[in-house]
Structure formats: structure tokens, C-alpha cells
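Structure first, commentary second.
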Amino acid sequence: MTMSGSELIADLQARGLIAQMTGDGELEEHLSSGCRTLYCGFDPTADSLHIGSLVPLLALRRFQQAGHKPVALVGGATGLIGDPSFKAQERKLNAAEVVTSWVERIKAQVSQFIDFKTGENSAEVVNNLDWIAKIDLLTFLRDVGKHFSVNNMINKESVKQRLDREGAGISYTEFTYMLLQSYDFAELNRLHGCTLQIGGSDQWGNITGGVDLTRRLNGNKVFGMTLPLVIKSDGTKFGKTETGTIWLDPAKTSPYAFYQFWLNTADADVYKFLRYFTFLPMAEIEAIEEADEVVQGRKSAQDILAREVTELVHGAEGLDAAERITEALFSGEIEQLTEDDLEQLKQDGMPASNLDKAGLGGQMLTGLFADCGLVKAGREAKDALGRNAVFVNGLSKGVEDNMKVAECFSPAQALYGRFFMVKLGKKKHHLFELT
RNA sequence: GCAGGGGUUCCCGAGUGGCCAAAGGGAUCAGACUGUAACUCUGACGCGAAAGCUUCGGUGGUUCGAAUCCACCCCCCUGCACCA
């Protein structure tokens, strides 16, 4: 699937994926006239990326599908410094060895999204520590620093709130971040012929810095493009739930939880997200939107979105697991699950814990549910019991059952003699296994 | 450094000796409605099944009794001074 530069840009534009571009439209021509190398940076600020990084990550893939060569840069060096862009406060530095371990994880994660075996435009993963660690201070100050005007830098919107706000401030270290990222672009241009950098729109200042520096250092014209930050219609932060961040690492956010996250997308956002997060052609997305308009009940878009993104991130197996769990839990027919199914649910990321048969006597349901993390405090469980919102293997439980843990979880009631599926409210599930 | 203002439960923010586990709003959880939605309504919302226990920057003190008064300490903000 190769498309021309203008087709690619048009598709990105139709999807709402272009926030800003440098070069007054010259970029289209640049992309049309051959296979170009582009890069996007990902700083190791945690042991996994979260879904906020998905838009640029998928953008790299979109470019590759259009015949260009993507380079994923993992910021082993910049991750040691901390990007001040639009951050309200100075960040605390992570230990070097921690960052190093994160770099490896992020490298692997990033690699799932781009193809390393496509010949001419095969992807690459690089680490900016490889060149930044080598440069010495004086060389850096003379060759790189000299090209940056502090006057310009302090006028950047991205550091404004740090400079304006009393008591916030910005350290010299973080202030240097922009120079490092700019130097990355110049180096990638020199070493790999990279001519385009993409990133979130909060990176605009850093990207244009790199464009300028590359021209000054290498005498080459290069381009920058930013992607929109994902904004939810209700104004709340995208990618966070009550339970926490949605990570790409299946060990941190199970494919089931990941799938559920997308499934719960608001109607007001779902078509936008289909454009942002899937590779479905625009025509198809528009058709879905049109079809959903006349649907009275549940829209189809959330299902499609959840399926597409889960498969992209967790593969066919992850999607399969997520759908299997979803089907089991929300069909209301848990007794139809086989023993193997229940075993599998545990493997698939279903929240689960063991119950010691002998120790059930003195316990209470409220304490049990709080301990396993099903609720934050016993009071929530009590509230749910009071409203008959708790089901153990489909049987309703009330406050009067609170002290009767042993009865509620008696082997006679268990599925296959050992499993209990507890449902609290409409959406919270937990699997218990007697041991 | 000097002068003034402030630190309250997840967040914002009332409270200025007992009626305070602490108004109000937001967030969150649950119920009804529904589409595992949105909107709306209801309830919960420090911990505890309860009795009760622990909170209002920290430490001591005054009082029968303190988030509220006093002392010292820590942190933040606003002016001024210093660095220039």
C-alpha cells in the first residue's frame, strides 16, 4: 500500500492527525519524490508506554505503509534530563540504571508497531544516548549551544508557565532539553538522512528547534509535523481511568482491561478515535458513522474501535482473550463457561485471587472484597450489598450475607468445585478460586 | 533577611473553643433509567460489620474540651531589600 505524498498528507488531514507542519506545503512534494526517512522520539519515563504514545507510534506506521522509512528513537539520553514542555513543575530525575532498563523495554514495545523487514524502508530503532553520551561539554556548547538564542527559548509557550509562575521555576538542566532533542534531529539527518520529525503537538517547539539546528549544522532542509493531543469531549484527561493509566504493556494493563477501555469510549469521541487509532480507511469509518446515526440502541463504533486497537496492540490472541472474557462476564451466563475457560480467564488477565477454604469462617464479605481490590474500602462493598448489587456465581447477596462467607463460598456452590465469579455492580468482576 | 498572607479530609474550598469526621462543589463508587453509554434523579463518600478508632503542616502547651487559642519549628504565597 504505497501512496503519494499528497495522498498520505490528505489521509492524515482527513483523520485530523495533523496539528502543525513546517515548510508551507513543501512537505507533500518532499514525501512524493521518494522514500523519506522520518523519526519520532519516545522518552523512557516509565517501564512502558501508555496509550498517549499510540498516536505518534501509529503515525510512524502510517508513513511506513506509504513507503517511507520510520526510525523510532528511544530517548536514553533525553530521558535522563526530562522534557519541560508544558509541564507545571520540575521533574525529579530518575536513576540512570533505571532509565537504562526502561530503554530496553520501550525499544521492544515500540518495535511491535513498525516493520523491520520491508527492504528499503525497513524500520530502525535508535537510542540517542549513543551519540549524546559521546559529545563533550565544550564541543556541545560551541557547536550546538551557540545556535540557540536564550531570548527565543524563554519566549516559547512550552516553558512559559515555568518562567512566569512564581515558585515554579525551571532548572538549567531541563532548559537544555530542547537543545538535546534538536541535536538528535541533526544527528539523525547526518547519520540516517532523516528529513522529517513527527511528535505530539506539545513537541512543536522542540521539533522546530531541530529543524533550525539541522539547517545550521548540516545545511539541510528538513521538516517537522505534529499530531494533535488527544482531547476527550468531556474535558477529562485521555488515557486515564479511575483505575489508572492505560498502558501498552499487557502485564500492566491486561488485554481485557485495554479492550474494555476502548469499548467504553463516549459516543462523542468514538468516531474521532476510529480516525486516530485505527487503520480503517476513511470511507469505512464514515460508513460506520452513518450507519450508527440511525441506530437506536448501542452503536457499533465502540465495538469496532475496541477490536481494532486491541488487535493492533495485543495481537489476535490478546483480542481473542479480551472478547472471551467480555462475552463470559457480560452475557450473564457464567455457568456456561467450561472449567478450561475459567482457567484461561485467569491467564488472560481476569482479576483473580485464591480463597483458603479453611480460613473463611471468621471473614466478612466486605473485608474479603476490600482485600482483593474489588472495592477500595469495605464501605463500598457494604453499600453494594445493601443495594443487592453483589452476585456470587449469579446468586444475589445482601447485607445479611456479610458474615456468611463460608456459606457463600461453599464448595457445593462453586463452579467445578472451586471457582466463584463475583460481580459487584454492573461492571466489576473478580474470580475466586478455592484452595 | 524584613513585612504581610497562608497550609483543612482525593482535589477545590468553608469552618476561627464545644452542636465537627468537619458546609458546599468537583472527582469517585453504587442504585434507578440506558446501550457495560450520555443526560437526569437517588444514596455512599477518613477507617471499621458494629461498638468504636484515627484526622484539619509538625511538635509541645493552655483548657473539662482545640481544626479553631499560645509557643517553637517546617513549607508555600505576596511585597520590599540583597545578589546587580
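So that the names make sense, note that chain A is the first sequence line, chain B the second, and so on, each numbered from 1.
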Legend entry - Parallel, tilted or perpendicular, as decided by the 30° and 60° cut-offs, for the rings of A/F273 and A/F277: perpendicular
Legend entry - Stepwise ring pair (Phe, Tyr, Trp, His ring centres under 6.0 Å) test for A/H147 and A/Y183: CA-CA 11 Å; A/H147 294 293; A/Y183 183 61; over 10 Å; no
Inset, instruction - Indicate, with a heavy-atom threshold strictly under 4.0 Å, whether A/L263 touches base, sugar-phosphate, or nothing. - result: base
Inset, instruction - Remember a base hit wins even if backbone is also touched, and classify A/T326 as base, sugar-phosphate or nothing at under 4.0 Å, heavy atoms. - result: base
Legend entry - Distance between P atoms of B/C11 and B/A37 (Å, rounded): 29 Å
Legend entry - Pairwise C1' distance for B/A14 and B/A84, with rounding to whole Å: 45 Å
Inset, instruction - Assess the side chains of A/Q203 and A/Q181: does a donor N or O sit below 3.5 Å from an acceptor N or O? - result: yes
Inset, instruction - Please report, rounded to the nearest Å, how far the C1' atom of B/U36 is from the CG atom of A/L329. - result: 11 Å
Legend entry - Nucleotide paired to B/U9 in any strand shown, Watson-Crick or G-U, under 3.5 Å: none
Inset, instruction - Answer with base, sugar-phosphate or nothing: what part of the nucleic acid does A/K299 contact at a heavy-atom distance below 4.0 Å? - result: base
Legend entry - Phosphate OP1/OP2 of B/C10 contacted by A/K376 side-chain N/O (<4.0 Å): no
Inset, instruction - Would you state whether a donor and an acceptor, one from the side chain of A/Q260 and one from the base of B/U36, lie under 3.5 Å apart? - result: yes
Legend entry - Identified pairing partner of B/A44, criterion: Watson-Crick or G-U wobble below 3.5 Å: B/U28
Inset, instruction - With a 3.5 angstrom cut-off on both distances, give the Watson-Crick or G-U wobble partner of B/G18, or none if there isn't one. - result: B/C64
Inset, instruction - Please report, rounded to the nearest Å, how far the P atom of B/U36 is from the CD atom of A/E323. - result: 16 Å
Legend entry - For B/A23, the Watson-Crick or wobble counterpart (both distances under 3.5 Å): none
Legend entry - A/D340, A/D341, A/D348 screened by salt bridge (Lys or Arg N to Asp or Glu O under 4.0 Å) with A/R324, the one that passes: A/D348
Inset, instruction - May I have the distance from A/K232 (atom NZ) to B/A38 (atom P), rounded to whole angstrom? - result: 10 Å
Legend entry - Rounded distance in Å - CZ (A/F369) to P (B/C29): 18 Å
Legend entry - Pairing partner of B/A71 (Watson-Crick or G-U wobble, both distances under 3.5 Å): B/U59
List, with names and distances, any nitrogen or oxygen atoms from the protein found under 3.5 Å away from nitrogen or oxygen atoms belonging to nucleotides 49-56 of chain B.
residue, atom, partner, partner atom, Å
B/A49, OP1, A/T366, OG1, 3.0
B/A49, O4', A/N402, ND2, 3.3
B/A50, OP1, A/K382, NZ, 3.0

Inset, instruction - Taking only the side-chain heavy atoms of A/D267 (C-beta and beyond), determine which of B/G35, B/U36, B/A44 contains the nearest atom. - result: B/G35
Inset, instruction - Look through every strand shown and name the nucleotide pairing with B/G1 as Watson-Crick or G-U wobble, where both distances are under 3.5 Å. - result: B/C80
Inset, instruction - Would you check if the distance from the ring center of A/H50 to the ring center of A/F238 is below 6.0 Å? - result: no
Legend entry - A/A384 or A/K427, whichever maps to the more 5' nucleotide of RNA chain B: A/A384
Legend entry - Distance between P atoms of B/A30 and B/G13 (Å, rounded): 29 Å
Inset, instruction - Report the distance from atom CG of A/D383 to atom C1' of B/G48, rounded to the nearest whole Å. - result: 15 Å
Inset, instruction - Could you tell me whether A/G425 contacts a base, only the sugar-phosphate backbone, or nothing, with contacts defined as non-hydrogen atoms closer than 4.0 Å? - result: sugar-phosphate
Inset, instruction - Drop me the distance from A/L213's CG to A/L179's CG, to the nearest 0.5 angstrom. - result: 7.5 Å
Legend entry - Nearest-angstrom distance from the residue atom CG of A/L385 to P of B/G48: 13 Å
Inset, instruction - Using the C1' atom as the reference point in each nucleotide, state the distance between B/U9 and B/G46 in Å, no decimals. - result: 7 Å
Legend entry - Counter-base of B/A38, judged by Watson-Crick or G-U geometry with both distances under 3.5 Å: none
Legend entry - Distance between P atoms of B/G6 and B/C69 (Å, rounded): 11 Å
Inset, instruction - Could you pull out all residues at least two apart from A/Y39 that satisfy side-chain hydrogen bond (donor to acceptor under 3.5 Å, both in side chains)? - result: A/Q197
Inset, instruction - May I ask you to verify whether the side chain of A/K423 and the base of B/U36 hold a donor-acceptor pair under 3.5 Å? - result: no
Inset, instruction - Rounded to the nearest angstrom, tell me the gap between atom CG in A/D292 and atom C1' in B/G35. - result: 11 Å
Legend entry - Atom P, compared across B/G57 and B/G43: separation rounded to whole Å: 31 Å
Inset, instruction - Using the C1' atoms only, state how far B/G24 lies from B/G58, rounded to an integer number of Å. - result: 29 Å
Inset, instruction - Please work out which of the three classes, parallel, tilted or perpendicular, describes the rings of A/F409 and A/F420, given edges at 30° and 60°. - result: perpendicular
Legend entry - Nearest-angstrom distance, P atom, B/A44 to B/A22: 13 Å
Inset, instruction - Decide, yes or no, whether a salt bridge links A/R61 with A/D115 under the criterion of side-chain N to carboxylate O below 4.0 Å. - result: no
Legend entry - Atom-pair distance (NZ on A/K428; C1' on B/G31), nearest Å: 14 Å
Inset, instruction - Using the six-membered ring of A/F279, assess whether NZ or CZ of A/R62 lies under 6.0 Å from its centre and within 45 degrees of the ring axis. - result: yes
